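In what follows, a structure is listed as structure tokens, so that the remarks can point back to it.
Quantities reported herein were computed from a predicted structural model and do not represent experimental measurements.
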Amino acid sequence: MHLPGWRVTHFGVTRFGVPPASEPNLKVRSRLKQKVAERRSSPLLRRRDGSVLSAFRKRHVEITVSSVCSSAPGSGPSSPNSSHGAHNGLAASVPNIHAEQLLPQPHALALDGAQLSLYTSPSLPNLSLGLQATVTVTSAHLPVYPEAPLQLYPTPPLGVLALSHPALARTQSSPASVKPPVPEGPPKHLFTTGVVYDTFMLKHQCTCGNTTIHPEHAGRIQSIWSRLQETGLLGKCERIRGRKATLEEIQTVHSEHHALLYGTSPLNRQKLDSKKLLGPITQKTYAVLPCGGIGVSLGVQGGGPWGGLALLTPSDPQVDSDTVWNELHSSSAVRTAVGCLLELAFKVAAGELKNGFAVIRPPGHHAEESTAMGFCFFNSVAISAKLLQQRLSVGRILIVDWDIHHGNGTQQAFYSDPHVLYISLHRYDDGNFFPGSGAPEEVGSGLGVGYNINIAWTGGVDPPIGDVEYLTAFRTVVMPIANEFSPDLVLVSAGFDAVEGHLSPLGGYSVTAKCFGHLTKQLMMLAGGRVVLALEGGHDLTAICDASEACVSALLGLELEPLDPSLLQQKPNVNAVATLEKVIEIQSENGGQG
């Protein structure tokens, strides 16, 4: 036995399961046919191909016309999610139904100066232009069922997502008109902390694949990115899409030959002008490492064709066995590290983001104009500072380098530039700690005298340098000089190899991870808070994850884990006091910022 019910079709609301009307009721049938003809023009009840959208049974019919906004989450670490939904309210994917089939049909409207109705059928309500597009369909003949609205378009669990139609509005030129959709502009960024990361950087690794003997490996940035996700910090930040830096951008700091040497792969190298491949170093020189991988030379000159392979032994003094090279993937990775930082730094400088943290590798602060060394090929921070000066006319840039190793490449790039203040805190040990540069007497040259400050810790690790020493350095040297310099932007070479857990020769100090969060907070008092951190060194995964978490928390303005109150009462060790006193004395004599 079939019970009578109701369904919605493109004819309107009709009853099914009821025997046809008897022949005498011809007037009733004639009136129904007229209603059917009127309802067929409804644009909201039809697909473009004219087929019936769907059938529903029972209950009242409630039509709700609304825009559906959907934003697709990032597809992975290399695809940060966008703050925008699909165009015109369309979801990224609708199962088994083409979006164009669900869009409403164009419908000509007669403009007679009166309130227009889209529907004239007595069994459907009138939807007037300019009024709220939410109506309820009722019928005096509907059977009584438990009250529950029945949507015209199926809900998502049924496999169809409600779609929007062009907004209707009045204008001054006509009583009623169809308002055209507003074209989408460029992406708008939230004024918050930006983070950048790209999986291209994971491919730079030794061909041997042994991460235990190569501390600068892909797991470093993978671990940090995972930590930011697990702690929920990533969700509070805006993810910035990375890119590869151009060879021209790289050449703001590095020589053309160096940019071509490490910025091209065998495939794209063939597209370059052969004349550009000539230079003072006409042969790329490698060393076959004990692991079977390839290490780069420190600028050995050769006489063969450019791109040749001259094999040296790892014991050769010109070989940097730590700076490995993967001929297929390293060039893209090292250019991506630079490009990621550029994207982030420019958005912060332009006021689109409050501050930022770049999860990038390989590091860059050791890379000099024509030399790759210490895991570094291109100096990302130096390139960013140069381009901020050139393209955005940023007047005064402060670069703070707290990696435990001195940033010899960054110092070289700005040694005579009074518009860039470089302050490095590093283990020096009278020049016996890698890279051996960064003496307190290195204060700059020409107009740049006094704008290069090296807080060069000495005395080894007995006693070790820790939180007290770094906090004292910031209180007595870094912040006073930085405040006087009054930068427009702060870039931080954020190496975390001074964090406890790193043994010599890659560390040896005992600074806590949370201390770097508090140092970040102090730097945020400069430049209107425009601070950008770029990962440099640090190879103990727990240590660099803890430190990154602390720094991002500080950038977000979250409450930080407090430091031990006793630290504020402690005095720095005698070696640190001697270092700080020497720095202050030298900078005062040379007319430095202090």
Rounded to the nearest 0.5 angstrom, the CG-CZ distance for Leu398 and Arg530 is 12.5 Å
Taken to the nearest 0.5 Å, the spacing of Ser424 OG from Gln411 CD works out to 8.0 Å
query = How are the rings of Phe516 and Phe496 set to each other: parallel, tilted or perpendicular (split at 30° and 60°)?
reply = perpendicular
Rounded to the nearest 0.5 Å, the OG atom of Ser330 sits from the NZ atom of Lys203 at a distance of 11.5 Å
His518 side-chain N/O to Ala554 backbone N/O, donor-acceptor pair under 3.5 Å:
no
- Would you confirm whether Glu484, through its side chain, and Ile481, through its main-chain N or O, come within 3.5 Å as a donor-acceptor pair? no
### Message
Between Lys236 and Thr192, is the side-chain contact (heavy atoms from CB on, under 4.5 Å) condition met? List the steps.
### Response
CA-CA 8 Å; Lys236 295 180 173 65; Thr192 184; 5.9 Å; no
Quick check: does any side chain N or O of His502 sit under 3.5 Å from a backbone N or O of Val499, one acting as donor and the other as acceptor?
yes
Check: Glu442 main-chain N/O paired with Asn452 side-chain donor or acceptor under 3.5 Å | yes
*Side-chain contact test, heavy atoms from C-beta onward, threshold under 4.5 Å: evaluate it for Ile584 versus Val477 and give yes or no.*
yes
- prompt: So, do Glu230 and Glu549 sit near enough that their side-chain heavy atoms are less than 4.5 Å apart?
  reply: no
- [ ] Apply side-chain contact (heavy atoms from CB on, under 4.5 Å) to Leu541 and Ile544, showing your working.
- [x] CA-CA 5 Å; Leu541 298 186; Ile544 64 176; 4.1 Å; yes
Check: Do side-chain atoms of Asp429 reach the backbone of Asn432 as a donor and acceptor pair under 3.5 angstrom?
Finding: no
Counting N and O atoms only, with roles assigned by atom type, does the side chain of Asn573 sit under 3.5 Å from a partner on the main chain of Ala576, one being a donor and the other an acceptor?
yes
Do side-chain atoms of Asp497 reach the backbone of Ile404 as a donor and acceptor pair under 3.5 angstrom?
yes
Tell me if a side-chain donor or acceptor on His254 pairs with a main-chain N or O of Asn379 at a distance below 3.5 Å. yes
>> Students often mix this up, so state it plainly: with edges at 30° and 60°, are the rings of Tyr428 and His426 parallel, tilted or perpendicular?
In response: perpendicular
Smallest heavy-atom separation, Phe357 atom then Val552 atom, equals CG-CG2, 3.8 Å
Check: With side chains defined as the heavy atoms from C-beta onward, is the minimum distance between Phe433 and Trp457 less than 4.5 Å?
Finding: no
The reported gap from CD in Glu368 to OG1 in Thr410 (rounded to nearest 0.5 angstrom) is 10.0 Å
Exactly one of Phe434, Phe377, Phe378, Phe375 clears ring-ring contact (aromatic ring centres under 6.0 Å, His included) with His366, and that residue is Phe434
Determine whether the side chains of Asp417 and Tyr451 contain a donor N or O and an acceptor N or O closer than 3.5 Å.
no
Heavy atoms of Ile240 and Leu353 approach each other most closely as CD1-CD1, 3.7 Å
Quick check: do Val400 and Leu519 have side-chain heavy atoms less than 4.5 Å from each other?
no
Residues Val532 and Ala345: closest non-hydrogen pair is CG2-CA, 4.2 Å
Of all heavy-atom pairs linking Gly438 and Ala456, the shortest is O-CB, 3.3 Å
**Item:** Validation row: Glu249, Val338 side chains within 4.5 angstrom (heavy atoms)
**Value:** no
- Do Met201 and Cys340 have side chains that get closer than 4.5 Å, going by heavy atoms? yes
Gly263 and Ser331 have their tightest heavy-atom pair at C-CB, 3.8 Å
(Q) Assess whether a salt bridge exists between Lys354 and Glu238, defined as any Lys/Arg side-chain N lying under 4.0 Å from an Asp/Glu carboxylate O. (A) no
Test item: side-chain donor near acceptor, Thr512 and Asp467, under 3.5 Å: yes
Discussion item. For Asp198, is there an ion pair with Arg243 - N to carboxylate O distance below 4.0 angstrom?
Written reply: no
Counting heavy atoms not belonging to Glu441, are there more than 12 under 6.0 Å from its CD?
yes
Stepwise side-chain contact (heavy atoms from CB on, under 4.5 Å) test for Val381 and Leu341
CA-CA 8 Å; Val381 169; Leu341 182 57; 3.9 Å; yes
Note, Leu560 side chain near Lys514 side chain (heavy atom, < 4.5 Å): no
In terms of heavy-atom contacts, Leu555 and Asn355 come closest through O-ND2, 3.0 Å
Check: Are Cys515 and Leu471 side-chain neighbours, meaning at least one heavy-atom pair lies under 4.5 Å?
Finding: yes
- Query: Which word best sums up how the rings of Trp402 and Phe474 line up, parallel for under 30°, tilted for 30 to 60°, or perpendicular for over 60°?
  - Reply: tilted
task: Dump the intermediate steps for side-chain contact (heavy atoms from CB on, under 4.5 Å) on Ile455 and Val478, then the final yes or no.
output: CA-CA 9 Å; Ile455 302 175; Val478 177; 3.8 Å; yes
The reported gap from CG in Leu247 to OG1 in Thr264 (rounded to nearest 0.5 angstrom) is 7.0 Å
Taken to the nearest 0.5 Å, the spacing of His257 NE2 from Glu369 CD works out to 13.0 Å
